[in-house]
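For reference, the structure is listed below as C-alpha cells.
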Amino acid sequence: MKMMTQVRWFAVPVLLMALHAPAALAMGDDDSDKKTPDCPKGQVYDSKTKSCVPEKTSMLSDEDKTQYAYHLAKKGEYQAALTLLDTLHNQNTKEAWNYRGYATRKLGRTDEGMSYYQKSIALDPNYAKVREYLGEAWMIKGRPDLAKQQLTIIKSLCGVNCEEYRDLHAAINGHPES
C-alpha cells in the first residue's frame, strides 16, 4: 500500500505537468507562422479551406498569400517568399512590406530591406514585429544605438515579455535569431 501511495504522489504532479505543458509552451507564442503547414511547391495554405491550393487560384486571399510568404521566409526560402509577395493584389500593407523587408534583408540586401521596413512603419508605427526586424537590421549595420531605440519603442508597445522585445533584446546581446 505504501508503494501505491508513493506512485500516486509522483504520478499526480507528472500528470498535471503533462496536461499543462502545451498551454505553458504556447504562452507568449502568438506567431501564426508556427501553425502554417508546409505546402508542395507552387501551392499556398488557404486558411478558409484549411488546405494547400494552387498559388495562382483567384480564390486565395492576399492575407493567406502574405502569411504563406512569411512562412516561406522563416523556412529560409527568401526568393520564393518575395515571388509570392509580388502576386498580391494589394502590396501596400504593413505585413507585406515587413515580410518583403525580412526576406530581402535575409538575402543580404539590408539597406533595401530597411526601406521596406520604413514603408511598413509609415502604415502602422505601432507594429512591433517591424520594429524588431528594423532593430535587427540596425545590428547588421553596426548600429546598436539605433537597434536599442527600436527596442525602447517595442517596450512601449507590448512590454518586455512580448516575443518581439525578447528577440530584439537577444540580437542586441549577441544572440540573434537562427
### Hydrophobic cluster identity match, Ile154 and Leu134, side-chain contacts under 4.5 Å
no
### Task
May I ask whether Leu84 and Val53 are part of the same hydrophobic cluster, defined by side-chain heavy atoms of I, L, V, M, F, W, Y residues being less than 4.5 angstrom apart, directly or through others?
yes
### Query
Do NZ/NE/NH1/NH2 and the carboxylate oxygens of Glu136 and Arg105 come within less than 4.0 Å?
yes
### Query
If we only count heavy atoms from C-beta on, is the Gln150 to Tyr133 side-chain gap below 4.5 Å?
no
### Backbone of Gln67 reached by a side-chain donor or acceptor of Glu95 within 3.5 Å
no
### Expected output: side-chain Thr87 to main-chain Thr83 donor-acceptor under 3.5 Å
no
### Asp145 backbone acceptor or donor facing Lys148 side chain under 3.5 Å
no
### Message
If you compare all heavy atoms of Val160 against all heavy atoms of Arg166, which two are closest, and at what distance to 0.1 Å?
### Response
O-CG, 3.8 Å
### Summary
For Ser47 and Lys50, the nearest pair of non-hydrogen atoms, with its separation, is O-NZ, 2.9 Å
### Under 3.5 Å donor-acceptor, Asp46 side chain and Cys52 backbone
no
### Query
So if you build clusters from Ile, Leu, Val, Met, Phe, Trp, Tyr with side-chain heavy-atom gaps below 4.5 Å, do Ile121 and Met114 land together?
yes
### Query
Are side-chain heavy atoms of His71 and Asp38 found at a separation under 4.5 Å?
yes
### Query
Quick one: are Trp97 and Gln118 in side-chain contact, heavy atoms under 4.5 Å?
no
### Message
Could you report the tightest heavy-atom contact between Tyr68 and Thr36, atom names first, then the distance?
### Response
CD1-CG2, 3.7 Å
### Query
Heavy-atom distance under 4.5 Å between the side chains of Leu123 and Asn92, does that happen here?
yes
### Query
What distance separates Lys155 NZ from Cys162 SG, expressed to the nearest 0.5 Å?
11.5 Å
### Query
How close do Ala96 and Gln91 get, heavy atom to heavy atom, and via which atoms?
CB-O, 3.5 Å
### Task
Would you check if the side chain of Asn98 reaches a backbone N or O of Ser120 as a donor-acceptor pair within less than 3.5 Å?
no
### Query
Can Ile172 be reached from Tyr102 by stepping across I, L, V, M, F, W or Y side chains whose heavy atoms are under 4.5 Å apart?
no
### Query
Is there side-chain contact between Cys158 and Glu164, with heavy atoms separated by less than 4.5 Å?
yes
### Task
Spell out, as yes or no, whether a donor-acceptor pair under 3.5 Å connects the side chain of Thr104 to the backbone of Gly113.
no
### Query
According to the interplanar angle, ranging from 0 to 90°, do the rings of Tyr165 and His169 count as parallel (below 30°), tilted (30 to 60°) or perpendicular (above 60°)?
parallel
### Side chain proximity check, Lys141 to Asp111, heavy atoms < 4.5 angstrom
yes
### Task
Measure the shortest side-chain to side-chain distance between Leu85 and Tyr99 over non-hydrogen atoms and say whether it is less than 4.5 angstrom.
yes
### Query
Going through the distances and angles, do Asp86 and Arg100 end up as a side-chain contact (heavy atoms from CB on, under 4.5 Å)?
CA-CA 9 Å; Asp86 287 342; Arg100 182 176 295 282; 3.0 Å; yes
### Query
Roughly how far apart are Leu88 CG and Thr66 OG1, rounded to 0.5 Å?
4.0 Å
### Query
Between Arg131 and Tyr117, does any side-chain donor sit less than 3.5 Å from a side-chain acceptor?
no
#### Entry: Path from Leu82 to Tyr116 over hydrophobic side-chain contacts below 4.5 Å
no
### Message
Looking at every non-hydrogen atom in both residues, tell me the closest pair between Val44 and Asp64 and how far apart they are.
### Response
CG1-O, 3.9 Å
### Contact summary for Ala69 and Ala81, nearest pair of heavy atoms
O-CB, 3.1 Å
### Check: Lys129 and Tyr70 side chains under 4.5 Å, non-hydrogen atoms
yes
